[in-house]
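What follows is a short report on a single structure.
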Amino acid sequence: VPTVSYPRLVKILQASCYSKPVLSGLVISTGGLQESLRKASTSALVGYLQDSSINIDDKGKSREYLLSHDILWVLQRYQKCDRVITPTLKTIETLLSKQVFLNKE
């Protein structure tokens, strides 16, 4: 059930060794065509970024910074794969519309 699994899955983004592979799959759901997956994954990702209980990693970097770094990795890694690039760009658009990166450098 996406509404149960995605909020748990996004917490794995905190572990740097898993963040890139998890985000690769998450952006496909967030920017994908299936409405139920898109809503559940977007809600979970935005909720994770807005959760103030875990805002900064051990090196002082915000979750938004780490997420943007991982998104860039996904774009570079899958640059010739439209099946990943298009949902990633849609995910970026969604995050910008939700003002996730507002007041960030």
**Report entry** Test side chain to side chain contact (heavy atoms under 4.5 Å, CB included) applied to Arg77 and Val84, step by step
**Finding:** CA-CA 10 Å; Arg77 172 78 167 87; Val84 177; over 6 Å; no

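- Shortest non-hydrogen contact noted between Ser19 and Ser16 is OG-O, 3.3 Å.
- Counting heavy atoms from C-beta on, the side chains of Leu13 and Leu66 never come closer than 4.5 Å.
- In this structure, Leu49 and Leu95 have side chains that are in contact, with non-hydrogen atoms separated by less than 4.5 Å.
- Using a 4.5 Å cut-off on side-chain heavy atoms (C-beta onward), Leu33 and Lys90 make contact.
- Between Lys39 and Thr3 the shortest side-chain heavy-atom distance does not fall below 4.5 Å.
- A donor-acceptor pair shorter than 3.5 Å can be found between the side chains of Tyr6 and Ser29.
- Heavy-atom minimum distance, Ser97 versus Thr94: OG-O, 2.8 Å.
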Report task. Go through the steps to decide whether Thr91 and Leu23 satisfy the test side chain to side chain contact (heavy atoms under 4.5 Å, CB included), and finish with yes or no. Result -> CA-CA 11 Å; Thr91 300; Leu23 186 65; over 6 Å; no

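- Taken from CD in Gln14 to CD1 in Ile12, the straight-line distance is 10.0 Å, to the nearest 0.5 Å.
- With a 6.0 Å radius and a threshold of 12 heavy atoms from other residues, nucleotides or ligands, Lys20 has its NZ atom above the threshold.
- In this structure, Asp70 and Val74 have side chains that are not in contact, with every pair of non-hydrogen atoms separated by 4.5 Å or more.
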Query raised in the report: Passes side chain to side chain contact (heavy atoms under 4.5 Å, CB included), Leu75 versus Leu89? Steps please.
Result: CA-CA 9 Å; Leu75 290 171; Leu89 294 174; 4.3 Å; yes

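- Between Phe101 and Glu64, the shortest heavy-atom contact is CE2-O, 3.7 Å.
- Here Thr30 contributes atom OG1 and Ile92 contributes atom CD1; the two are 11.5 Å apart, rounded to the nearest 0.5 Å.
- Residues Ala44 and Pro7 approach most closely at CB-N, 3.7 Å, considering heavy atoms.
- Atom OH of Tyr78 sits about 9.5 Å away from atom OG1 of Thr88, to the nearest 0.5 Å.
- Within the 3.5 Å criterion, the main-chain N or O of Tyr65 finds a donor-acceptor partner in the side chain of Ser68.
- Ser41 and Leu26 get closest at one heavy-atom pair: CB-CD1, 3.9 Å.
- Scanning for side chain to side chain donor-acceptor pair (under 3.5 Å) contacts around Glu35 gives Arg38, with sequence neighbours left out.
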